[in-house]
S.K.: 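Here's a structure for you.
In listed order, ligands and their atoms are each counted from 1. One-based numbering along the sequence shown. Just so it is clear, the values below take in all heavy atoms, side chains as well, and ignore hydrogens, waters and symmetry mates. What you are looking at is a predicted structure, and each value in this text was computed from that prediction instead of being measured.
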Amino acid sequence: MPVINYVEFDGTEHSVEVAEGITLMQGAMDNLIDGMVAECGGCCVCCTCHCMIDPRWTEVTGTAGTQEAELLGYLDTKEPTSRLACQVNVTAAMDGMVVRLPESQY
Ligand code: FES
């Protein structure tokens, strides 16, 4: 399984195996990682699964879809590599990927 490195806002790192095909959000929830709220359960309506993809990995994750991009636009904490973690499906190519979580979700 690919290893995803989730980094909390204070620098605390969690390197966990996440099954291919599930989302970055679910991978964080399954591993009880702080900073992933996911109030809507992955329906792409709440923005509480905000994360920032390390710039070295954005080619692998692709870009946000229309609805996701619209929601991200409402966030004051949006960064150039921001994504909603419930909209990113984990693939083998993401092994080693670094994903930061915003302070606003603590
Ligand atoms: Fe609600 Fe991702 S979990 S938008």
Side-chain angles (χ1 to χ4, degrees):
M1 282 194 279
V3 172
I4 305 295
N5 301 298
Y6 295 92
V7 183
E8 297 185 48
F9 77 95
D10 65 358
T12 303
E13 296 183 28
H14 305 272
S15 297
V16 297
E17 289 187 332
V18 178
E20 292 176 55
I22 70 169
T23 65
L24 282 179
M25 177 276 280
Q26 196 60 54
M29 300 298 280
D30 289 350
N31 288 283
L32 305 176
I33 293 172
D34 285 338
M36 183 62 67
V37 181
E39 283 178 356
C40 77
C43 296
C44 199
V45 294
C46 74
C47 283
T48 60
C49 65
H50 180 206
C51 67
M52 288 77 74
I53 306 295
D54 183 286
R56 293 170 294 177
W57 292 91
T58 54
E59 204 168 292
V60 175
T61 59
T63 56
T66 305
Q67 183 178 350
E68 180 186 356
E70 186 178 333
L71 282 172
L72 285 168
Y74 294 120
L75 293 173
D76 294 336
T77 53
K78 181 176 179 279
E79 296 185 13
T81 64
S82 285
R83 293 295 307 270
L84 295 179
C86 70
Q87 301 302 302
V88 180
N89 290 316
V90 173
T91 68
M94 295 178 186
D95 186 37
M97 186 167 75
V98 177
V99 179
R100 291 186 298 112
L101 301 171
E103 186 172 7
S104 58
Q105 283 168 191
Y106 286 81

S.K.: Name the closest protein heavy atom to atom 3 (S) of ligand 1, giving the residue it belongs to and the distance to 0.1 Å.
M.R.: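 Result for atom 3 (S) of ligand 1: Gly42 N, 3.3 Å.
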
S.K.: At their closest point, which heavy atom of Met29 faces which heavy atom of Val37, and how far apart are they?
M.R.: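 Closest approach of Met29 to Val37: CE-O, 3.7 Å.
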
S.K.: Kindly say whether Ala38 contributes a backbone atom to a donor-acceptor pair with the side chain of Thr48 at under 3.5 angstrom?
M.R.: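 Yes, because the side chain of Thr48 sits within donor-acceptor range (under 3.5 Å) of the backbone of Ala38.
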
S.K.: Between Gln67 and Val45, is a side chain to side chain contact (heavy atoms under 4.5 Å, CB included) present by the stated rule, with each step listed?
M.R.: CA-CA 9 Å; Gln67 183 178 350; Val45 294; 4.2 Å; yes

S.K.: Measure across Thr61 and Met97 and return the closest heavy-atom pair with its distance rounded to 0.1 Å.
M.R.: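 Scanning both residues completely, I find the closest heavy atoms to be CG2-SD, 3.5 Å.
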
S.K.: At a non-hydrogen distance cut-off of under 4.0 Å, which region of Cys47 contacts ligand 1 (side chain, backbone, both, or neither)?
M.R.: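 Under 4.0 Å from ligand 1, Cys47 contributes backbone atoms alone.
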
S.K.: Just which atoms of ligand 1 are under 4.0 Å from any heavy atom in Cys44?
M.R.: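 Heavy-atom distances to Cys44 below 4.0 Å select 4 (S).
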
S.K.: Give the numbers and elements of all ligand 1 atoms closer than 4.0 Å to a heavy atom of Cys40.
M.R.: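 Heavy-atom distances to Cys40 below 4.0 Å select 1 (Fe), 3 (S), 4 (S).
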
S.K.: Taking all non-hydrogen atoms of both residues into account, name the closest pair between Tyr106 and Asp34 and its distance.
M.R.: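 Closest pair (atom of Tyr106, atom of Asp34, distance): OH-O, 3.0 Å.
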
S.K.: Can you see which heavy atom on Lys78 is nearest to which on Leu72, and at what distance?
M.R.: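 Where Lys78 meets Leu72 most closely, the heavy atoms are CD-O, 3.2 Å.
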
S.K.: Indicate if the distance from atom 2 (Fe) of ligand 1 to the nearest N, O or S atom of Cys49 falls below 2.8 Å.
M.R.: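 Cys49 does place an N, O or S atom closer than 2.8 Å to atom 2 (Fe) of ligand 1.
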
S.K.: Under 2.8 Å from atom 1 (Fe) of ligand 1, is there an N/O/S atom belonging to Cys46?
M.R.: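 It does; at least one qualifying atom falls short of 2.8 Å.
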
S.K.: Val45 heavy atoms, cut-off 4.0 Å: which ligand 1 atoms fall inside?
M.R.: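 By the 4.0 Å cutoff, the relevant atoms are 4 (S).
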
